Amino acid sequence: MTAVTTTTTTAATTPVLAPVTAPAARRRRRSLAPGRRLPASRLVGPALLLLLWAAASAAGRLDPGAVPAPWTVLRTGVHLWTDGTLTTDILTSLQRAGAGFAIGLTAGVVLALVSGLSRVGEALIDGSVQLNRAIPTLGLIPLFILWLGIGETFKIAIIAIVVYIPIYLNTHAALSGIDHRFVELAEVQGLSRLAFVRQIVIPGALPGFFVGLRLGVTGSWLGLVVLEQINATSGLGYLMFQAQNYGQSDVILVGLLVYGVFGLVSDSVVRIVERRVLSWRRTLSN
């Protein structure tokens with residue numbers, strides 16, 4: 001009788017947990033994610049900065065000689081565009097950046113594949129690239145001028161170096177991070193070397209490659225700002241350098257804004273391509 005009473009009391013005091021339904025669990029999981037992507041979300045930050053700039057200029061908080069108002073910069077940009085100066089400089093900068101980027105992209109991918117797929121290639125290449133990474137690229141400008149002259153060749157070469165280093169580093173890291181079980185599976189399936197590269201290596205290295213590609217695109221514009229101020233007769237950097245000599249801060253801001261727009265647009269293009277190519281991945285971004 002005592003045993004029965006004890007059992008009953010224990011059962012009565014034991015809390016009963018309500019089963020978690022599938023929709024509730026699904027809602028709990030969804031709340032941890034960032035949520036649905038907002039349209040044109042990357043333009044919110046620049047638009048806010050533009051509004052703050054305009055408000056500070058209208059309130060007289062900024063010195064017009066040092067930081068002109070947005071409408072002054074816009075008027076200057078329209079004037080430079082209509083007289084053909086800005087158009088010529090933009091085309092020249094695009095040609096330099098495009099040539100250097102193409103060379104750097106090719107070199108970075110080829111070196112990463114050779115170094116990441118071969119121990120001999122890694123021994124010959126990786127140490128040299130790491131040494132090159134440790135040396136400030138813009139510090140190589142005097143040496144490259146002595147080697148290649150002061151014309152366009154050395155500018156394109158410096159841009160190529162700025163581009164290939166992040167592409168190589170991120171692609172090589174992605175190759176090294178491929179799970180060895182995939183390699184064993186390819187060996188069991190009897191894949192050839194070419195099929196192994198196409199089906200295992202390239203899909204595994206693409207995420208790291210796109211990270212390096214974004215850094216390389218940004219680096220090409222950053223290097224161009226400095227290079228176009230060295231013995232150049234055209235280009236956005238040359239336009240800004242000449243404006244500095246005459247104290248034209250509005251022209252300098254026009255050049256900086258054009259660089260910023262090019263950087264933002266090129267990065268957005270790489271992001272769009274990355275999302276389409278890597279649409280099979282389930283990540284926080286998609």
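Start at 1 with the first residue, then count along the sequence. Predicted, not measured: the structure shown is a model, and the values here were computed from it.
Sparse packing is recorded around CH2 of W81, with 12 or fewer heavy atoms of other residues, nucleotides or ligands lying under 6.0 Å away. The 12-atom threshold is exceeded at CZ of F144, counting heavy atoms of other residues, nucleotides or ligands nearer than 6.0 Å.
Between V162 and G219, the shortest heavy-atom contact is CG1-O, 3.3 Å. Contact detail for F196 and A186: the closest heavy-atom pair is CD1-CB, 3.7 Å. Residues D89 and G235 share a closest heavy-atom pair of OD1-N, 3.0 Å. Counting all heavy atoms, side chain and backbone alike, P203 lies closest to Q199 at CG-O, 3.4 Å. Shortest non-hydrogen contact noted between R214 and D267 is NE-OD1, 2.9 Å. Nearest heavy atom pair, residue I178 against residue I200, reads CD1-O, 4.1 Å.
Across L62, D63, V73, a single residue satisfies side-chain contact (heavy atoms from CB on, under 4.5 Å) together with S57, and that is L62.
The shortest side-chain heavy-atom distance between F209 and I202 does not fall under the 4.5 Å cut-off. Annotation: side chain of L91 is not in contact with side chain of T88 (no heavy-atom distance under 4.5 Å). In this structure the side chain of L138 reaches within 4.5 angstrom of the side chain of I141, judged on heavy atoms.
Between E228 and R96 a salt bridge is recorded (basic side-chain N to carboxylate O distance below 4.0 Å). Salt bridge R271/E274: absent, no basic N to carboxylate O contact under 4.0 Å.
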**Request:** Could you walk me through whether L253 and W53 pass side-chain contact (heavy atoms from CB on, under 4.5 Å), step by step?
**Result:** CA-CA 12 Å; L253 286 175; W53 179 17; 4.0 Å; yes
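Here CZ of F182 is found 13.0 Å from CG of L191. Values are rounded to the nearest 0.5 Å. Taken from CD1 in I158 to OG1 in T153, the straight-line distance is 12.0 Å, to the nearest 0.5 Å. Put simply, OG on S220 and CD1 on I156 are 12.5 Å apart, with the number rounded to the nearest 0.5 Å. In this structure, the separation between CG on D126 and NE2 on H172 is 4.5 Å, given to the nearest 0.5 Å. For the atom pair CG of L215 and CZ of F210, the computed distance is 13.5 Å after rounding to the nearest 0.5 Å. Considering CD of Q244 and OG of S249, their distance stands at 11.5 Å, rounded to 0.5 Å.
Of the possible donor and acceptor atoms, none in the side chain of S118 sits under 3.5 Å from a partner among the backbone N and O of S115.
In the hydrophobic clustering of ILVMFWY residues, with side-chain heavy atoms under 4.5 Å counting as a link, Y164 and W147 come out together. Linking ILVMFWY side-chain heavy atoms closer than 4.5 Å, directly or via other members, places L111 and I103 in two distinct hydrophobic clusters.
When the ring pair (Phe, Tyr, Trp, His ring centres under 6.0 Å) test is applied to W221, the partners found at least two apart in sequence or on another chain are F262.
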